[in-house]
Amino acid sequence: MDNWFKLKERGTTVSTEIIAGLTTFFTMVYIVIVNPGILSSTGMDFNGVFIATILASIVATLIMGLWSNYPIVLAPGMGLNAFFAYSVVSGYGASWQVALGAVFIAGILFVILSITSFRYMLLDAIPASLKHAITAGIGLFITTVGLQNSGIIIASESNLITIGNLASPMTYLTIIGLLITVVLMAYNVKGYLFIGMVITAILAWILGLFQMPSSIVSMPHGLATTAFQLDLSGVFSSGLYTIIFTFLLITLFDTTGTMLGVAEQAGLLNKDGKFPRSRGALLADAVGTTVGSLLGTSPTSAYIESSTGVAAGGRTGLTAVVVSVLLALTLFFSPIVSVISGIPAITSPALIIVGFFMISAISKIDWKELEEAFPAFLIIILVPLTHSIATGIGFGFIFYPVLKLLRGKGKEVHPIFYIFAVLFLIQLVFLDH
């Protein structure tokens with residue numbers, strides 16, 4: 001084990017890696033509840049998505065741990081699942097089978113990009129200001145979803161949205177759950193999101209908002225309802241080309257940025273700041289996304305929660321392997337997970353808090369440069385207001401090169417980015433109607 005994971009070389013031990021794995025697991029396990037809850041809103045079977053979520057996470061995380069030897073965990077990404085459910089299916093009117101087809105195609109392209117240097121070329125083509133804007137915009141979008149699901153905000157004919165009935169049991173329990181989770185977060189309690197959900201679930205049960213299932217544990221079942229149900233032909237007949245591009249784009253820099261950040265925190269980057277064994281790490285995400293689409297879930301992404309395991313001493317892929325084992329055990333708890341995920345007050349606080357973390361990316365945008373700031377602003381404001389990540393990104397990607405050209409700075413725009421702008425223009429003007 002020491003030879004494989006290089007435990008002594010990285011100054012760690014088996015016990016330390018196990019503790020790090022436990023820490024990471026409890027900070028990210030909320031996804032096995034939240035992801036099926038979001039995707040089941042499209043008509044997908046909850047149990048199928050639940051199993052697909054776990055299996056895709058295990059596959060990607062094991063590749064990361066055993067091949068690249070990094071303490072980084074991958075699972076279906078927050079934001080990507082919202083884009084899948086609320087933009088592609090609800091917004092574009094595509095079936096969930098077609099949406100899975102788009103994820104599969106993006107995954108295959110992702111695999112190809114990961115074994116070539118073209119991935120880094122694409123990353124370099126996207127300005128940092130727009131990368132940060134997309135992260136912030138998705139954060140607002142996720143928060144909006146949490147607020148709507150819980151009834152804190154509701155639809156309004158005059159103002160689009162307005163405050164909901166805060167006296168509603170589900171709404172005020174959401175607020176209580178949010179407060180509990182934020183307090184846990186303020187005191188640096190490990191696994192605060194998961195613990196907050198558990199406490200809120202207990203309160204919901206006391207208030208009679210749900211009934212405990214007849215059994216807590218059961219054999220995994222339901223995967224056949226989502227596995228291999230993807231519709232590839234529907235992707236092309238529906239003209240969802242920029243949807244594929246958006247899946248690819250978000251996964252591309254979100255995962256890469258997270259991996260670099262966690263690896264830097266663990267002191268695993270080279271002296272020149274480069275990412276060693278990057279091909280295996282990038283392939284882990286690409287393969288996870290592809291496998292996930294075949295099984296029935298949205299794209300995987302590296303989880304920033306991996307940093308909690310690093311803070312607990314995790315330095316090798318053994319941490320990731322421990323998380324994979326723990327995820328496998330959760331396969332047998334679908335009865336209680338399915339009940340909990342159906343209570344908005346339990347899952348909404350997690351969505352709101354994840355959005356809070358993502359919105360902090362706004363501080364990294366240079367607001368003094370108009371041609372950088374205004375396209376970023378359009379992305380941030382239009383993603384939640386249009387309820388479409390692709391639409392928000394599209395407006396930002398179109399305005400950015402136009403403003404650069406008008407300011408005489410067209411050469412600062414990467415040639416590939418002009419192609420991005422044209423693709424989004426075609427999508428927004430000709431294919432969205």
Could you list the donor-acceptor pairs under 3.5 angstrom formed between side-chain atoms of residues 170-178 and any protein atom two or more places apart in sequence or on another chain?
residue	atom	partner	partner atom	Å
Thr171	OG1	Ser150	O	2.9
Thr174	OG1	Met170	O	2.8

Show me, pair by pair, the donor-acceptor contacts under 3.5 angstrom made by side chains of residues 53-64, not counting sequence neighbours?
residue	atom	partner	partner atom	Å
Thr53	OG1	Asn35	ND2	2.8
Thr53	OG1	Val49	O	2.7
Ser57	OG	Thr53	O	2.6
Thr61	OG1	Ser57	O	2.7
Thr61	OG1	Leu74	N	3.1
Thr61	OG1	Leu74	O	3.1

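In this structure a side-chain-to-backbone donor-acceptor pair under 3.5 Å is missing from Thr297 to Ser293. No donor-acceptor distance shorter than 3.5 angstrom exists from the side chain of Trp67 to the backbone of Ala284, with no hydrogens or angles considered. At least one donor-acceptor pair closer than 3.5 Å links the side chain of Gln229 to the backbone N or O of Ala227. Not one N or O on the side chain of Thr289 forms a donor-acceptor pair closer than 3.5 Å with the backbone of Pro299. The main-chain N or O of Leu230 is never found under 3.5 Å from a side-chain atom of Trp96 such that the two would form a donor-acceptor pair. No donor-acceptor distance shorter than 3.5 angstrom exists from the side chain of Tyr241 to the backbone of Val235, with no hydrogens or angles considered. Ser338 contributes a side-chain N or O that, together with a main-chain N or O of Pro335, makes up a donor-acceptor pair within less than 3.5 Å.
Put simply, CG on Leu248 and CD1 on Ile105 are 11.5 Å apart, with the number rounded to the nearest 0.5 Å.
Screening residues 312-330 for side chain to side chain donor-acceptor pair (under 3.5 Å), with sequence neighbours left out, gives Glu17-Thr316, Glu17-Thr319. Residue pairs meeting the side chain to side chain donor-acceptor pair (under 3.5 Å) criterion with at least one partner in residues 199-220, sequence neighbours excluded, are Ser218-Ser334. The side chain to side chain donor-acceptor pair (under 3.5 Å) analysis of residues 347-363, with sequence neighbours excluded, yields no pairs.
Taking the six-membered ring where the residue is Trp, Phe245 and Phe420 present tilted rings, their angle falling between 30° and 60°.
With a 4.5 Å cut-off on side-chain heavy atoms, Val262 and Tyr303 do not count as touching.
Between Gln148 and Tyr86, the side chains place no donor N or O within less than 3.5 Å of an acceptor N or O (distance only, hydrogens not considered).
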Between Thr300 and Asp285, does the side chain to side chain donor-acceptor pair (under 3.5 Å) criterion hold? Intermediate values first, please. CA-CA 6 Å; Thr300 58; Asp285 189 27; 2.9 Å; yes

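For Val383, the side chain to side chain contact (heavy atoms under 4.5 Å, CB included) test picks out Phe141, Ile379, Ile389, with sequence neighbours left out.
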